[in-house]
Amino acid sequence: MVGEEGAFVLGWDEVLTEEELSVTLKVLCMSEEEFKEYKEQDGWEDDSEDEENSTLSNEALSRLKTPCKKLLYDSVLLTLQSYGSDLKAEQDLLNNKEAYEKLSRREQQALHVRYGQKRILHQLLELVR
C-alpha cells in the first residue's frame, strides 16, 4: 500500500501520494468486521463514497475522521522523533550566520532539506490536531 519507499510524500498544499495514504488510512481505521469484508471483496470495487476527499489537500486532511487524524498525528510525532534535532534547533542554525558558514556545502543543503521536511510535518500536526 505504501509503495517502494515505505513512506508517504507530503507537499506544502497536499499529499503527493494521496491514493496510498487514503487507502492506508481507510484500512488501518477499519473495524475488524469492515476489514473482513474488505478482504473478501479484494478491496473496493467502486469507492465513490468519499470521492470529494479523493484529493488529500490540506483542507481535506483537516476534515478527516478523528481516528484517521489521530493515526496521522501519532505517525508524524514518531517521524519527528526520528530526527536528531528539532525544528527550533534547525532554525537557530539557519539564523546563526557564523555557525551556518562553518558547515560544508553538503551540510548546508542537508540542513535546508531537514528544515523543510520538519516544517511540513509540523504543518501536518496542526492540520490533524
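Under 4.0 Å is where a charged nitrogen must lie from a carboxylate oxygen, and between Lys36 and Glu32 at least one such pair does.
No hydrogens or angles considered: nothing links the side chains of Ser62 and Lys69 as a donor-acceptor pair under 3.5 Å.
Here the closest non-hydrogen pair linking Asn58 and Trp12 is ND2-O, 2.6 Å. Closest approach of Val128 and Leu61 over heavy atoms only: CG1-O, 4.0 Å. Considering every non-hydrogen atom in both Leu93 and Ala99, the closest pair reads CD1-CB, 3.6 Å. Scanning both residues, Leu10 and Leu124, for their nearest heavy atoms gives CD1-CD2, 3.5 Å. Taking both residues in full, the closest heavy atoms of Lys118 and Asp86 are given as NZ-O, 3.7 Å, listed atom of the first, atom of the second, then distance.
Using a 4.5 Å heavy-atom threshold, the side chains of Tyr100 and Asp92 count as separate. In this structure, the side chains of Leu56 and Glu14 stay at 4.5 Å or more apart for every pair of heavy atoms. Looking only at side-chain heavy atoms (C-beta outward), Val15 and Thr17 come within less than 4.5 Å of each other. Side-chain contact between Leu72 and Leu21 is present, with heavy atoms from C-beta onward closer than 4.5 Å. The shortest side-chain heavy-atom distance between Leu25 and Leu64 falls under the 4.5 Å cut-off. Counting heavy atoms from C-beta outward, Gln91 and Asn95 have side chains that approach closer than 4.5 Å. Counting heavy atoms from C-beta outward, Thr24 and Phe8 have side chains that approach closer than 4.5 Å.
A distance of 7.5 Å separates NZ of Lys65 from SG of Cys68, quoted to the nearest 0.5 Å. A distance of 12.0 Å separates CD in Glu107 from CZ in Arg105, rounded to the nearest 0.5 Å.
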>> Set out, in order, the CA-CA distance, both residues' side-chain angles and the distance that settles salt bridge (charged side-chain N to carboxylate O under 4.0 Å, His left out) for Arg129 and Glu126, then state yes or no.
In response: CA-CA 5 Å; Arg129 190 172 291 237; Glu126 291 301 314; 3.3 Å; yes
> Could you walk me through whether Arg63 and Glu59 pass the salt bridge (charged side-chain N to carboxylate O under 4.0 Å, His left out) check?
Replying inline: CA-CA 7 Å; Arg63 292 189 319 255; Glu59 184 181 332; 2.9 Å; yes
>> Run Leu80 and His122 through side-chain contact (heavy atoms from CB on, under 4.5 Å) and show every step you take.
In response: CA-CA 9 Å; Leu80 286 168; His122 278 274; 3.9 Å; yes
> Between Glu90 and Tyr83, is a side chain to side chain donor-acceptor pair (under 3.5 Å) present by the stated rule, with each step listed?
Replying inline: CA-CA 11 Å; Glu90 304 289 1; Tyr83 286 96; over 6 Å; no
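Put simply, the side chain of Ser57 gets close to the backbone of Ala60: a donor and an acceptor are under 3.5 Å apart. With hydrogens and angles ignored, the 3.5 Å screen pairs a side-chain donor or acceptor of Glu34 with a backbone N or O of Ser31. No donor-acceptor distance shorter than 3.5 angstrom exists from the side chain of Gln123 to the backbone of Ile120, with no hydrogens or angles considered.
Under a hydrophobic-cluster definition in which Ile, Leu, Val, Met, Phe, Trp and Tyr are linked whenever side-chain heavy atoms come within less than 4.5 Å, directly or via other members, Leu87 and Leu77 are assigned to different clusters. The hydrophobic cluster containing Leu16 does not contain Val23, counting ILVMFWY residues as joined when their side-chain heavy atoms lie under 4.5 angstrom apart, directly or transitively. Each of Tyr115 and Leu121 belongs to its own hydrophobic cluster when Ile, Leu, Val, Met, Phe, Trp and Tyr are linked at side-chain heavy-atom distances under 4.5 angstrom.
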